Undergrad: 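Quick one: this structure, given as structure tokens, is what I'll be asking you about.
As a basis for the values below, the full set of heavy atoms in this structure was taken, side chains included, without hydrogen atoms, waters or symmetry mates. Bear in mind the structure is a predicted one, so any value in this text is a computation, not a measurement.
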Amino acid sequence: MASNVNPTVRRRRLGQELRRLRELKGMTAEEVAERLLVSQSKISRLENGRRSISQRDVRDLCGVYEVEDHRIVDSLMQMAKDSRQQGWWHAFGDIPYSVYIGLETDAASLRVYEPQVVPGLLQTRQYAEALIAGALPESGTADVEKRVSVRLRRQERVHDAEHPLRLWVVIDEAALRRLVGDKTLMREQLEHLMELSQLPHVTVQVLPFDMGAHPGILGQYAILEFPDASDSSVVYIEGVTSDLYLEKANDVHKYTVMYEHLRAQALNVDQSRQFIADIAKEYAR
């Protein structure tokens, strides 16, 4: 369930506002960095919300931008203070994709294309354990359990009775046929997937092998949209050592169009549910 103060989203909103003030002043990030005797990369990280923003940073930037309205300065200072609070995920220690978790926690809707595995929000505990252990063979039992716990905690957004996440997933047939764990585990996972697909806010479509080449052939991605109109949509692409976040309108538009093509090529909801059921029966043999 989303917290009242999401530090990731606060940083993002604050960064967007600081960028707006800079552009209104007609200054480049390089010029601002030169005035404050800091690196240009620091200014860029502050504006894209990937770095914690201190109240001192806000004060210095407002000084450079000659912001005279104390209400605006006070509001930005409060946002900076909120952005330094810890989200629920910090209780689990160092999580590599904590920025994404912060965004997902506050998102109103999420569109996912997954070519290799069942999406994390729809996984059973047993599937998640087997998947993470297999993907990270050098991780110890404690680290695997921590990651599984975080994944299960994220799933609360799907089951939130008041503000459920609107989830749309397109899954490649490969994800359904990849044997994670044993056949019993896979059958239970597919049955769980079918059960969740009947929730009114969850849509599951399958992209069969015989559909051939398609717009998602290059790999997994997700599109996050937020309830506040001032928060731009984000395309998230997971990496091995670092993740990619695309926020420019043109980039988001391209991935959105790609997703519409994926949805059009995939089986419809009823066909997908039957397709999953047929594969689940194969695992029961």
Undergrad: Heavy-atom distance under 4.5 Å between the side chains of Q220 and V117, does that happen here?
TA: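 Answer no - side chains too far apart.
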
Undergrad: Would you find more than 12 non-hydrogen atoms of other residues, nucleotides or ligands less than 6.0 Å from E30 atom CD?
TA: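 Counting other residues, nucleotides and ligands, CD of E30 stays at 12 neighbours or fewer.
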
Undergrad: Kindly determine whether D243 and Y236 satisfy side chain to side chain donor-acceptor pair (under 3.5 Å), including the steps that lead there.
TA: CA-CA 7 Å; D243 301 326; Y236 169 71; 3.2 Å; yes

Undergrad: In the structure I gave you, are the side-chain heavy atoms of L152 and R125 within less than 4.5 Å of one another anywhere?
TA: yes

Undergrad: Do the side-chain N and O atoms of Q78 and D74 include a donor-acceptor pair separated by under 3.5 angstrom?
TA: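 No, no side-chain donor-acceptor pair sits under 3.5 Å.
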
Undergrad: Do L193 and V269 sit in the same hydrophobic cluster, where Ile, Leu, Val, Met, Phe, Trp and Tyr count as joined when their side-chain heavy atoms come under 4.5 Å apart?
TA: no

Undergrad: Is the closest basic N to carboxylate O distance between K146 and D143 below 4.0 Å?
TA: yes

Undergrad: I'd like to know whether R35 forms a salt bridge (charged side-chain N to carboxylate O under 4.0 Å, His left out) with D60, so could you lay out the CA-CA distance, the side-chain angles of the two residues, the decisive distance to 0.1 Å, and finally the verdict.
TA: CA-CA 10 Å; R35 285 277 300 275; D60 292 345; over 6 Å; no

Undergrad: Rounded to the nearest 0.5 Å, how far apart are OG1 of T203 and CD of Q198?
TA: 12.0 Å

Undergrad: Considering non-hydrogen atoms only, spot the tightest contact between Q265 and A213 and give its length.
TA: NE2-O, 3.6 Å

Undergrad: If you count heavy atoms of other groups shown closer than 6.0 angstrom to NE2 of H159, is the number above 12?
TA: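 Count over threshold, so yes.
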
Undergrad: Of all the heavy-atom pairs spanning E173 and F209, show the shortest one and how long it is.
TA: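 In this case the closest contact between E173 and F209 is OE1-N, 2.8 Å.
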
Undergrad: Give the C-alpha distance, both sets of side-chain angles, the deciding distance and a yes or no for side chain to side chain contact (heavy atoms under 4.5 Å, CB included) between V67 and L21.
TA: CA-CA 8 Å; V67 180; L21 290 173; 4.1 Å; yes

Undergrad: Applying the 4.5 Å side-chain criterion to the ILVMFWY set and letting contacts propagate, would I217 and I223 be lumped into a single cluster?
TA: no

Undergrad: Is there a donor in the side chain of S54 and an acceptor in the side chain of R59, or the other way round, less than 3.5 Å apart?
TA: no

Undergrad: Please assess R153 against S149 for the test side chain to side chain donor-acceptor pair (under 3.5 Å), listing each intermediate value before the final yes or no.
TA: CA-CA 6 Å; R153 177 68 173 79; S149 296; over 6 Å; no

Undergrad: Could you state whether V99 and L165 fall into the same hydrophobic cluster, counting links through intermediate Ile, Leu, Val, Met, Phe, Trp or Tyr residues with side-chain heavy atoms under 4.5 angstrom apart?
TA: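 Yes, one cluster joins them.
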
Undergrad: Is the side chain of Q55 donor-acceptor paired with the backbone N or O of M77 at a distance under 3.5 Å, no angle test?
TA: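 Indeed, once roles are kept as given, a pair shorter than 3.5 Å links the two residues.
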
Undergrad: Does CD in E68 sit with more than 12 non-hydrogen atoms of other residues, nucleotides or ligands closer than 6.0 Å?
TA: no

Undergrad: Taking 4.0 angstrom as the limit, do D270 and R273 come out as a salt bridge?
TA: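 R273 and D270: salt-bridged.
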
Undergrad: Output yes when a side-chain donor or acceptor of Q155 lies under 3.5 Å from a complementary backbone atom of G120, and no otherwise.
TA: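 At least one qualifying donor-acceptor pair exists.
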
Undergrad: Between Y259 (side chain) and V112 (backbone), is there a donor-acceptor pair under 3.5 Å?
TA: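 Side chain of Y259 to backbone of V112, a donor-acceptor pair under 3.5 Å: yes, one is there.
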
Undergrad: Got a second to check how far M194's CE is from Q189's CD, nearest 0.5 Å?
TA: 10.5 Å

Undergrad: Should V158 and P164 count as side-chain neighbours, where that means a heavy-atom distance under 4.5 Å?
TA: no

Undergrad: Work out which heavy atom in P115 is nearest to a heavy atom in A174; give both atom names and the distance.
TA: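 Looking at all heavy atoms of both residues, the closest pair is O-CB, 3.6 Å.
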
Undergrad: Cluster question for you: counting only ILVMFWY and a side-chain heavy-atom cut-off of under 4.5 Å, with indirect links fine, are L262 and V257 together?
TA: no

Undergrad: Does atom NE2 (H163) have a neighbourhood of more than 12 heavy atoms from anything else shown, all under 6.0 Å?
TA: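 Result for NE2/H163: open.
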
Undergrad: Please step through side chain to side chain contact (heavy atoms under 4.5 Å, CB included) for the pair I276 and L176, ending with a clear verdict.
TA: CA-CA 7 Å; I276 296 170; L176 307 178; 3.9 Å; yes

Undergrad: Could you report the tightest heavy-atom contact between A107 and P227, atom names first, then the distance?
TA: C-CD, 4.3 Å

Undergrad: Would you call E282 and K183 a salt bridge, taking side-chain N to carboxylate O under 4.0 Å as the test?
TA: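 No salt bridge links E282 with K183.
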
Undergrad: Looking only at atom types and distance, does a side-chain atom of S272 sit under 3.5 Å from a main-chain N or O of L267, one as donor and one as acceptor?
TA: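 Yes; at least one donor-acceptor contact below 3.5 Å.
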
Undergrad: Do side-chain atoms of Y127 reach the backbone of V118 as a donor and acceptor pair under 3.5 angstrom?
TA: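 The answer is yes, because a donor-acceptor pair under 3.5 Å joins these two groups.
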
Undergrad: Taking the side chain as everything from C-beta on, heavy atoms only, tell me whether L36 gets closer than 4.5 Å to L61.
TA: yes

Undergrad: When you compare the side chain of V180 with that of M186, does any pair of heavy atoms fall below 4.5 Å?
TA: yes

Undergrad: Using atom types as modelled and distance alone, determine if a side-chain donor or acceptor of E225 lies under 3.5 Å from a backbone N or O of S109.
TA: no

Undergrad: Answer yes when E66 and K25 have at least one side-chain N-carboxylate O distance shorter than 4.0 Å, and no when they do not.
TA: yes

Undergrad: Are any side-chain N or O atoms of T256 and backbone N or O atoms of V252, one a donor and one an acceptor, separated by less than 3.5 Å?
TA: yes

Undergrad: Check the angle between the aromatic planes of Y221 and Y255 and answer parallel, tilted or perpendicular using the 30° and 60° thresholds.
TA: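 Geometry flag for Y255 against Y221: perpendicular rings.
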
Undergrad: Applying the 4.5 Å side-chain criterion to the ILVMFWY set and letting contacts propagate, would L136 and L185 be lumped into a single cluster?
TA: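 No; tracing contacts between hydrophobic side chains, which count when under 4.5 Å, never links both residues.
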
Undergrad: Can we call the ring centroids of H214 and Y113 under 6.0 Å apart?
TA: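 Between Y113 and H214, which both carry aromatic rings, the centre distance is below 6.0 Å.
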
Undergrad: State, with a plain yes or no, whether a side-chain heavy atom of E238 is found less than 4.5 Å away from one of Y100.
TA: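 The answer is no, as the side chains (C-beta and beyond) never meet within the 4.5 Å cut-off.
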
Undergrad: So does K281 pair up with E191, basic N to acidic O under 4.0 Å?
TA: no

Undergrad: Between Q205 (side chain only) and V170 (backbone N and O only), is there a donor and an acceptor less than 3.5 Å apart?
TA: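 Absent.
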
Undergrad: Let me confirm one number: the CG-CG distance from L110 to L121, rounded to the nearest 0.5 Å.
TA: 6.5 Å

Undergrad: Return the minimal non-hydrogen interatomic distance between I53 and G15, and the atom names on each side.
TA: CD1-N, 4.3 Å

Undergrad: Any salt bridge linking E31 with R22? Criterion: basic side-chain nitrogen under 4.0 Å from a carboxylate oxygen.
TA: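 No, E31 and R22 are not salt-bridged.
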
Undergrad: Run the salt-bridge test on E17 and R20 with the 4.0 Å N-O cut-off and return the result as yes or no.
TA: yes

Undergrad: When you measure from the side chain of R12 to the backbone N and O of S232, does any donor-acceptor pair fall under 3.5 Å?
TA: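 At least one qualifying donor-acceptor pair exists.
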
Undergrad: Counting distance only, does the side-chain N/O of D172 pair as donor-acceptor with the main-chain N or O of A175 below 3.5 Å?
TA: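 No.
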
Undergrad: Tell me, with the steps shown, if L131 and R151 meet side chain to side chain contact (heavy atoms under 4.5 Å, CB included).
TA: CA-CA 12 Å; L131 180 65; R151 190 157 301 181; 4.0 Å; yes

Undergrad: How far does CZ of R157 sit from CD1 of I101, to the nearest 0.5 angstrom?
TA: 13.0 Å

Undergrad: Carefully, step by step, assess L103 and Y245 under the rule side chain to side chain contact (heavy atoms under 4.5 Å, CB included).
TA: CA-CA 11 Å; L103 294 174; Y245 299 87; 3.9 Å; yes

Undergrad: Say you draw a straight line from CD of E104 to CG of L167; how long is it, rounded to the nearest 0.5 Å?
TA: 8.5 Å

Undergrad: Can you tell if the side chain of E47 reaches within under 4.5 Å of the side chain of V32, non-hydrogen atoms only?
TA: no

Undergrad: What distance separates L46 CG from L14 CG, expressed to the nearest 0.5 Å?
TA: 8.5 Å

Undergrad: State, yes or no, whether a side-chain contact exists between I279 and L190 at a heavy-atom distance under 4.5 Å.
TA: yes

